[in-house]
2 protein chains.
Amino acid sequence: MNLTVAEENYIKSIYKLQDGQAVVSTNAIAYDLDTKPASVTDMAKKLKEKKLIDYEKYQGISLTPEGKRIAIQIVRRHRLWECFLVDKLSFSWDEVHEIAEELEHVRSEKLINRLSEFLGNPTTDPHGDPIPDAQGKFSKNKQLVSLDKATARRLEVAGVSDQSSSLLEFLNAKGIKLGTQIDVIERYEFDNSVEIKIRNQSAFTISEQVSKNIMVKIL
Amino acid sequence: MNLTVAEENYIKSIYKLQDGQAVVSTNAIAYDLDTKPASVTDMAKKLKEKKLIDYEKYQGISLTPEGKRIAIQIVRRHRLWECFLVDKLSFSWDEVHEIAEELEHVRSEKLINRLSEFLGNPTTDPHGDPIPDAQGKFSKNKQLVSLDKATARRLEVAGVSDQSSSLLEFLNAKGIKLGTQIDVIERYEFDNSVEIKIRNQSAFTISEQVSKNIMVKIL
DNA sequence: AATATTATTTAGATTTGTCTAAATTATATT
DNA sequence: AATATAATTTAGACAAATCTAAATAATATT
């Protein structure tokens with residue numbers, strides 16, 4: 001199956017948006033890929049032709065098993081490159097996404113498997129997202145919860161669910177990174193903000209919007 | 001200047017073919033890029049529009065200073081990635097070209113400069129070709145000569161001028177790699193073949209075609 | 001249920017990079 | 001110099017990926 005970069009981006013987007021949902025809407029994909037719904041319809045026909053998605057007019061889009069397999073390989077490539085950029089080239093986690101977005105389209109199984117080996121076969125990327133292995137299997141992770149729902153006092157940052165530069169920059173500025181231990185000081189009901197404290201720093205408050213996007217492990 | 005992958009490939013090809021020549025022909029570019037002369041003419045108009053080449057109908061093509069600057073950056077990216085693949089991911093030098101051909105189009109100065117640093121700012125790639133620095137300057141190399149023209153007895157392989165898989169495979173099979181020391185046993189005038197010997201191996205003969213493409217340093 | 005709103009698709013156009021076939025220009029040969 | 005051959009360009013077409021505007025279908029609201 002030889003896919004264009006555009007086709008790979010659609011597959012990846014559908015995979016990301018599907019997550020649980022039965023189907024993904026034309027509009028959602030268009031928004032995610034910063035394109036127009038009409039373009040999504042066009043591409044849907046092509047991907048259906050290639051048997052990578054199930055698609056009936058007006059009925060939404062979902063990946064076929066083959067489409068999902070391909071999506072997972074793309075995710076694998078993306079996350080391994082992110083590891084490389086952070087671990088080997090000393091990029092910070094909030095600046096690797098765009099570059100990995102390009103590197104992920106270089107298709108060579110040998111390259112990716114060697115890269116994985118070189119990095120020590122990591123199972124999570126710098127954002128805490130799991131990296132599927134060459135067979136597409138995810139190592140089952142400890143259960144992660146978003147910070148706004150975690151009940152424990154002491155938590156460890158294990159990832160972020162929104163990878164927009166704005167959020168990553170904010171976390172960077174606050175000194176929150178993967179593995180950072182956080183103590184929850186107080187939760188404010190009226191706006192669901194959370195006061196937290198990082199070791200050796202004074203406490204500060206983060207909004208619900210932020211806490212919803214921080215994934216944590218309970219310690 | 002935002003170039004497409006196709007445009008970059010044309011720039012790179014023109015740079016490679018120009019080397020000394022005043023201009024490059026439409027046909028030569030078409031052959032090098034495995035496309036048709038008509039397509040080259042089409043692209044020439046576009047690149048002229050962008051002021052990356054000098055081009056007048058029927059008069060051949062040459063890079064402008066800006067075109068050359070860009071070409072050298074592409075060459076830098078290509079060769080650094082080749083180093084990475086060989087030095088870090090244990091690829092052999094005859095299998096890296098195609099992959100580097102894709103990686104070279106990922107445009108991020110920061111990425112390339114960090115990669116260079118990570119590799120120890122190498123000045124030659126696994127084929128012995130010089131790697132320009134971030135400013136586009138080549139470190140002046142010891143003068144290399146092709147094996148068919150070298151007069152000395154003892155030589156060291158410093159590169160190959162043709163990087164086709166077929167040649168690289170041949171060299172690999174014969175145990176000839178970068179840094180290999182060669183003794184010239186005999187030169188046969190009638191077909192310009194050369195009998196050579198590698199330490200601890202029995203002598204064998206290589207054709208003019210091969211010897212022309214092996215670049216050597218005199219020891 | 002009728003109507004308004006939103007989502008989706010179709011139709012037709014555009015851009016990029018390519019092609020083939022025909023026309024033109026340059027170069028080589030007699 | 002005339003003619004043959006080779007190189008190059010033009011003209012017109014195509015596929016991929018996109019777009020806008022209009023049409024249609026699904027969903028929500030009154």
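Note on naming: letters A, B, ... go to the chains in the order of the sequence lines (proteins, then strands), and numbering restarts at 1 for each one.
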What distance do [X] atom [atom1] and [Y] atom [atom2] have between them, rounded to the nearest 0.5 Å?
X       : Y        : atom1 : atom2 : result
A/His78 : A/Glu102 : NE2   : CD    : 11.5 Å
B/Leu85 : B/Leu103 : CG    : CG    : 6.0 Å
B/Lys50 : B/Ile70  : NZ    : CD1   : 9.0 Å

Check each residue of [range] for a non-hydrogen atom within less than 4.0 Å of any atom in DNA chain C, then write out the ones that pass by number, or none.
range                       : value
residues 56-63 of chain A   : A/Lys57, A/Tyr58
residues 4-26 of chain A    : A/Ser25, A/Thr26
residues 100-107 of chain A : none
residues 31-45 of chain B   : B/Thr35, B/Lys36, B/Ala38, B/Ser39, B/Asp42

Pairs where residues 61-77 of chain B contributes a residue and the test side chain to side chain donor-acceptor pair (under 3.5 Å) is met, not counting sequence neighbours: B/Glu8-B/Arg77, B/Glu66-B/Arg69, B/Arg76-B/Asn113

OP1 or OP2 of D/dA16 under 4.0 Å from side-chain N/O of A/Lys46: no

Phosphate OP1/OP2 of D/dA6: any B/Asn27 side-chain N/O under 4.0 Å: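 So the side chain of B/Asn27 is outside the cut-off, no N or O lying under 4.0 Å from OP1 or OP2 of D/dA6.
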
Results of side-chain contact (heavy atoms from CB on, under 4.5 Å) for [X] - residues two or more places apart only:
X        : result
A/Asn192 : A/Glu208
A/Asp191 : A/Tyr188, A/Ser193
B/Asp42  : none

So, for [X] and [Y], which heavy atoms are closest and what is the spacing to 0.1 Å?
X        : Y        : answer
A/Leu178 : A/Asp125 : CD1-O, 3.6 Å
B/Ile11  : B/Gly67  : CG2-O, 3.7 Å
A/Lys212 : A/Ser146 : O-CB, 3.4 Å
B/Gln18  : B/Leu63  : OE1-N, 3.2 Å
B/Glu7   : B/Asn2   : OE1-O, 4.2 Å
B/Glu82  : B/Ala100 : CG-CB, 3.5 Å

From CA spacing to verdict: side chain to side chain contact (heavy atoms under 4.5 Å, CB included), A/Leu52, A/Met1: CA-CA 10 Å; A/Leu52 300 178; A/Met1 182 72 56; 4.2 Å; yes

Bending between helix ends of the helix from C/dA1-D/dT30 to C/dT30-D/dA1 [5 pairs per end, 10° resolution]: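 One end's axis against the other's: 0°.
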
Length of the CD1-P vector between A/Ile29 and D/dT18, whole Å: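 The answer, rounded to whole Å, is 13 Å.
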
Determine all donor-acceptor pairs shorter than 3.5 Å in which one atom belongs to a side chain in residues 87-95 of chain B; sequence neighbours excluded.
from    : atom 1 : to       : atom 2 : distance (Å)
B/Ser92 : OG     : B/Asp94  : OD1    : 2.4
B/Asp94 : OD2    : B/Asn172 : ND2    : 3.0
B/Glu95 : OE1    : A/Lys110 : NZ     : 2.8
B/Glu95 : OE2    : B/Ser92  : N      : 2.9

Contact boundaries on DNA chain C for chain B, cut-off under 4.0 Å to non-hydrogen atoms: C/dT16 to C/dA26

Mutual orientation of the aromatic rings belonging to A/Phe118 and A/Phe84 [parallel < 30°, tilted 30-60°, perpendicular > 60°]: tilted

Got a list of side-chain donor-acceptor pairs under 3.5 Å for residues 23-32 of chain A, not counting sequence neighbours?
from    : atom 1 : to      : atom 2 : distance (Å)
A/Ser25 : OG     : A/Ala28 : N      : 3.0
A/Asp32 : OD1    : A/Lys16 : NZ     : 2.9
A/Asp32 : OD2    : A/Ser13 : OG     : 2.6

Heavy atoms from other residues, nucleotides or ligands near CD of A/Glu117 exceed 12 (cutoff 6.0 Å):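 For A/Glu117, atom CD is not crowded (no more than 12 foreign heavy atoms under 6.0 Å).
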
